[in-house]
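Given the structure is predicted, the values throughout are model-derived calculations rather than measurements.
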There are 2 protein chains.
Amino acid sequence: MTADSWLNQLQQGGYRLTEARRAVVDVVSACDHALTPVEVYDAARQVYPALGLVSVYRTLEKLDELGLVQRVHQEGGCNAYLPHADGHQHLIICEQCGRALYFSGDDLSGLFQKVGEQHHFSITGHWLQLSGLCAECQPE
Amino acid sequence: MTADSWLNQLQQGGYRLTEARRAVVDVVSACDHALTPVEVYDAARQVYPALGLVSVYRTLEKLDELGLVQRVHQEGGCNAYLPHADGHQHLIICEQCGRALYFSGDDLSGLFQKVGEQHHFSITGHWLQLSGLCAECQPE
DNA sequence: CGCTTATTGAAAATCATTTTCAATTATAAG
DNA sequence: CTTATAATTGAAAATGATTTTCAATAAGCG
């Protein structure tokens, strides 16, 4: 029931529940790879044809604000969104099929702090994404 | 003589050396923080006022292709360029002043491989950026 | 020096994103 | 169940970044 949980959190955040938002949430919350606004638009219109692209942008913005999605940066562009996993902040993305997967990086945070100290930086954030081929996309 | 080295590599790559390219290379190769195309344009016109923004885009594209610059992703946008350090692939960027710094991540590459194996991914690349405050920008 | 062709800057075209706006609709109050 | 109010909507226009087109220029070869 991720979608329902997201809708609850939207409401909790003071936002109204509308058809447009439901459609966007349905698509994004159930997806295992990053989607651009246009991809969300196309998928969500299958359910709710009256949807406007503008509402997709606006809804993604709110989901991002609530920490429900995370922005993914890729070669081609930097405007794709993925459900945000709690606690696990690091990503692996398959170059071929686009499937995304979070992995736990508890051991890394300490390392980042250490690297920061070496260079006299106080580290406040990090961005880590691995790319490669998932099991299914690997040649024999 | 980084600038000269870059110009050599451009020529080696089959490209001609022009005033426009010289101006762009001068600016980017000597900069310690990420610059957007427009920022490069503004800085380079101080030296070569006839420069067109289009040539900045085109030159940055070629420098990227030759591995001389690297694209940096940041909150606001993902279109800033930084000289590419050889061997050191990981970045720390100061949130305040924008100063960028590479650090060696030999120990990390092994770790990335291991994480990949755990999830049956063959890792072919990674993207790591730390952000924080550099020594000068830290409050006492 | 002269030829060939890559490169140029300006302008137009394209593409993604944001803003504007009047109409609609979710929600709270009656 | 109404009604009132303010958030939300989609369409269209506006913006901003990037790319393409194109005739003029200039780099680099012979």
Problem - salt bridge (Lys or Arg N to Asp or Glu O under 4.0 Å) pairs, two or more places apart, involving residues 17-36 of chain B - result: B:Glu19-B:Arg22, B:Asp32-B:Arg99
Handout entry: Pair listing, salt bridge (Lys or Arg N to Asp or Glu O under 4.0 Å) test, anchored in residues 55-65 of chain A, at least two apart
Key = none
Practice task
Could you note down all residue pairs passing ring-ring contact (aromatic ring centres under 6.0 Å, His included) where residues 106-126 of chain B supplies at least one of them, sequence neighbours left out?
Solution key: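 Output for this query lists B:His90-B:His126, B:Phe112-B:His126.
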Exercise for the section: Do nucleotides 18-30 of chain D as a string where each nucleotide becomes B, S or -: B if the base has a protein heavy atom under 4.0 Å, S if just the sugar-phosphate does, - if no protein is that close. Expected result: SBBB-----BS--
Could you state the [atom1]-[atom2] distance from [X] to [N], rounded to the nearest angstrom?
| X | N | atom1 | atom2 | answer |
| --- | --- | --- | --- | --- |
| A:Tyr41 | D:dA11 | OH | C1' | 10 Å |
| B:Leu60 | C:dT7 | CG | P | 15 Å |
| A:Asp64 | C:dT17 | CG | C1' | 15 Å |
| A:Leu7 | D:dT8 | CG | P | 14 Å |

Practice task
Check every strand shown and say whether B:Tyr48 touches a base, only sugar-phosphate, or nothing at a heavy-atom separation below 4.0 Å.
Solution key: sugar-phosphate
Practice task
Give a yes or no answer on whether the side chain of A:Gln129 reaches the backbone of A:Val72 with a donor-acceptor pair at less than 3.5 Å.
Solution key: no
Problem - Residue pairs, two or more places apart or on separate chains, that pass side chain to side chain donor-acceptor pair (under 3.5 Å) and touch residues 37-46 of chain B - result: B:Thr36-B:Glu39, B:Tyr41-B:Arg45, B:Asp42-B:Arg45
Completion exercise
Students should find that the hydrophobic cluster of B:Trp127, defined by side-chain heavy atoms under 4.5 Å apart, otherwise consists of A:Trp127
